[in-house]
2 protein chains.
Amino acid sequence: MPVTLKDIAKKVGKSVTTVSRALHGYDDVSPETSALVRKVADEMGYTPNIIAQRLQKQHTDTIGFILPTFGPRFSDPFFSEFLAGIGNKAAKLGYDLLVSTHPPGDDELKAYRRKVQSYLVDGFIIVRTRRKDPRIGYLCQTDFPFVAFGRTENSCDFPFVDEDGELGMRLIAHHLADLGHQRIAFIAAPDELMFAHYRLKGFKNGLSEKGVRLEEKMIVTGDLTQRDGVKQATMLFDLPNPPTAIAACNDLMALGAISAAQKRGLRVGKDIAITGFDNIPLAEHSHPSLTTIHQPIYQIGDMVCEMLIRRIKEESIEAEHTLLEPKLVIRETSGGKL
Amino acid sequence: MPVTLKDIAKKVGKSVTTVSRALHGYDDVSPETSALVRKVADEMGYTPNIIAQRLQKQHTDTIGFILPTFGPRFSDPFFSEFLAGIGNKAAKLGYDLLVSTHPPGDDELKAYRRKVQSYLVDGFIIVRTRRKDPRIGYLCQTDFPFVAFGRTENSCDFPFVDEDGELGMRLIAHHLADLGHQRIAFIAAPDELMFAHYRLKGFKNGLSEKGVRLEEKMIVTGDLTQRDGVKQATMLFDLPNPPTAIAACNDLMALGAISAAQKRGLRVGKDIAITGFDNIPLAEHSHPSLTTIHQPIYQIGDMVCEMLIRRIKEESIEAEHTLLEPKLVIRETSGGKL
DNA sequence: ATTCTATTCCAAAACGTTTTGGGAGTCAAT
DNA sequence: ATTGACTCCCAAAACGTTTTGGAATAGAAT
């Protein structure tokens with residue numbers, strides 16, 4: 001049904017080879033033939049069969065991205081922006097994007113292995129790195145190109161982009177301490193997640209640098225959703241001696257904490273300080289607006305994608321390990337001094 | 001480098017044909033050979049080259065999804081959940097997902113054409129349908145399988161899932177009218193978007209059924225973002241005779257409107273009623289919580305994906321045109337009666 | 001007349017798989 | 001002895017492309 005090189009060849013009375021070479025602008029075909037071939041190809045509406053090209057060329061011009069979903073449902077303003085970042089860059093560089101969703105766990109690696117071994121993708125973008133990350137272990141060991149958004153404790157070397165979450169959370173800790181808070185709580189995320197680990201560490205260090213004690217019971221762990229932010233914050237408010245400030249590991253949970261506080265009749269930014277991390281678009285327009293750490297997620301997607309493609313093409317990468325400096329965005333929720 | 005059928009054939013001393021057929025469980029190969037082939041394939045770590053399979057089979061087991069991004073950046077809690085819906089279903093049915101981002105406009109069709117003509121995907125999922133939708137026109141005309149989330153005014157017949165936005169907005173209109181509001185505003189979205197069109201229409205009808213007048217100047221148009229919700233709501237509040245209720249075309253803008261109202265010192269749910277549409281996760285946990293219309297976006301993704309795959313496999317689809325009944329979720333922002 | 005160089009072309013192999021259309025052998029029934 | 005049925009196997013073609021390694025012709029230089 002569709003028109004192939006063979007059809008064109010028949011029409012112009014030349015070989016498939018010549019047609020192919022004409023279309024690719026080789027100089028061993030005469031200008032007249034070349035022009036004719038192009039004209040006919042155009043008229044017949046020829047488009048190359050990319051699958052056939054891929055089989056021949058042994059690469060796919062496609063990059064893989066497996067979304068680590070937690071639970072069947074999954075909603076995150078964060079990832080859509082990241083996806084836009086890599087998607088736009090990939091399109092610009094002529095790459096396709098093969099996206100899957102897969103919960104972390106047993107057969108997670110199978111999803112990667114299948115795509116690697118079947119030549120479905122030329123490289124991977126990894127997100128939500130974990131302290132011991134089997135995906136990274138696997139890809140390193142098979143020497144398959146990938147770039148990560150985030151670091152890991154695995155011992156192999158690989159290109160990544162990350163924001164310095166430890167420093168980011170120290171900025172938050174200093175900010176809250178400077179405001180005079182003494183009873184400060186932290187809504188952490190599962191320590192297995194590398195970024196959560198860094199952020200908790202940074203927060204602890206930041207507070208101790210300012211001589212503020214962080215009690216164990218003031219550290220709770222949420223699942224990064226707004227819903228859980230509400231729940232964890234509520235538990236903190238129920239403590240006999242509740243905190244005057246809550247730092248959440250991400251904006252979504254912070255937004256939940258705000259909601260929980262307001263439900264209690266607390267004036268956020270006055271009676272209670274709340275901070276987030278990520279600076280998602282919602283943070284600016286919440287009420288009160290959320291003090292947080294900015295993370296340029298679109299650009300990170302853009303950078304990661306470009307790095308990966310350079311690695312695939314075996315071009316040099318200027319900065320293999322990029323650690324972005326976090327910026328504190330002070331808004332209303334951290335509010336007036338006590 | 002990687003192990004192919006030929007390698008296995010050489011090892012077991014049989015032909016490539018036999019190996020292939022053994023691996024696929026054909027019954028014209030003896031049990032012993034079959035067992036041997038499987039064992040050797042396993043030992044050698046064979047994985048089929050999917051690209052080669054695709055070339056031969058002339059289909060790709062891949063479905064395409066082009067995200068219509070507006071502006072370079074793009075953040076929407078809505079789409080990530082939809083993506084999870086189609087991603088999970090596709091994985092379950094053995095399909096891959098090829099995702100691109102592309103702004104609506106001139107060369108949008110090129111992106112579709114390329115994927116269609118190069119056999120990169122077996123079908124498409126279309127979202128954010130427009131009144132005159134060139135994508136749908138193109139796919140209909142080429143008879144390429146696709147399923148849409150949303151309807152269109154194009155004259156061709158195709159399978160879709162949609163929520164009855166017209167009815168949804170009528171429910172909102174009735175709700176607000178029943179609460180006694182007389183000065184009601186509407187933050188619309190570009191009328192070119194089919195769902196925006198339906199929602200505005202439903203709102204108008206709903207109000208007139210209740211004998212409430214909707215002034216022209218009370219209808220403003222936003223770009224669906226929270227930021228623009230703030231802006232449009234602020235303009236409404238600046239009117240000489242501002243509204244007592246604002247219905248937004250989607251939750252994100254409603255959230256923005258809440259923020260704008262609170263900045264004015266208005267008590268949302270008391271001084272001003274605000275409603276949204278979509279029931280994104282954030283709606284439940286905003287403060288005050290948002291009255292809205294529920295849209296089961298994950299399930300819609302799931303359904304749409306399943307319909308598309310059935311259509312690709314030329315199986316029958318039980319319901320070609322699914323119009324989901326909207327449900328009103330009354331929360332705090334529509335608040336007490338006047 | 002022969003060799004050399006350019007120019008233009010192409011047959012065949014290759015990428016890895018599936019499918020088609022049999023072939024060879026065995027055993028039982030005629 | 002021939003036929004038929006059955007079991008197990010395989011060579012070759014096909015999918016559409018790119019690349020390899022020349023071949024054929026013509027004109028220029030010797």
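Naming: A, B, ... by sequence-line order, numbering from 1 per chain.
Map B:Thr47 and A:Gly13 each onto its nearest nucleotide of DNA chain C; the residue landing nearer the 5' end is A:Gly13. Toward the 5′ end of DNA chain D lies the nearest nucleotide of B:Val16, the other residue of the pair B:Leu55 and B:Val16 mapping further downstream.
A cation-pi arrangement is not found for A:Arg128 relative to A:Phe195, the charged atom failing to lie both closer than 6.0 Å to the ring centre and inside a 45° cone about the ring normal.
Under the 6.0 Å cut-off for aromatic ring centres, A:Tyr298 and A:Phe82 do not qualify, their centroids lying 6.0 Å or more apart. For B:Phe160 and B:Phe149, the ring centers are positioned 6.0 Å apart or more.
With A:Tyr112 as the fixed residue, the ring-ring contact (aromatic ring centres under 6.0 Å, His included) test singles out one of A:Phe146, A:Phe124, A:Tyr138: A:Phe124.
For B:Glu314, the CD atom sits in a loose shell: 12 or fewer heavy atoms of surrounding residues, nucleotides or ligands are nearer than 6.0 Å.
Taking the 5' to 3' direction, DNA chain C first and last meets chain A under 4.0 angstrom from a heavy atom at C:dT8 to C:dG16.
Rounded to the nearest 0.5 angstrom, A:Asp122 CG and A:Leu98 CG are separated by 11.0 Å.
Using a 4.0 Å cutoff on non-hydrogen atoms, the parts of residues 20-39 of chain B near DNA chain C are B:Ser20, B:Arg21, B:His24, B:Tyr26, ordered by number.
A donor-acceptor pair under 3.5 Å is absent between the side-chain atoms of A:Asp42 and the main chain of A:Lys39, judged by distance alone. Under the 3.5 Å distance criterion, the side-chain polar atoms of B:Arg135 are left unmatched by any main-chain donor or acceptor of B:Ile126.
In this structure, B:Arg54 pairs ionically with B:Asp96, as a charged nitrogen and a carboxylate oxygen lie closer than 4.0 Å.
One end of the helix from C:dA1-D:dT30 to C:dT30-D:dA1 points its axis 80° away from the other end's axis, with each axis taken from 5 pairs and the angle rounded to 10°.
Within the nucleic acid shown, A:Thr17 comes within 4.0 Å of at least one base atom, counting heavy atoms only. A:Tyr119 comes within 4.0 angstrom of no nucleic acid atom, judged by non-hydrogen atoms across all strands.
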Stepwise side-chain hydrogen bond (donor to acceptor under 3.5 Å, both in side chains) check, B:Thr17 with B:Ser20: CA-CA 5 Å; B:Thr17 307; B:Ser20 172; over 6 Å; no

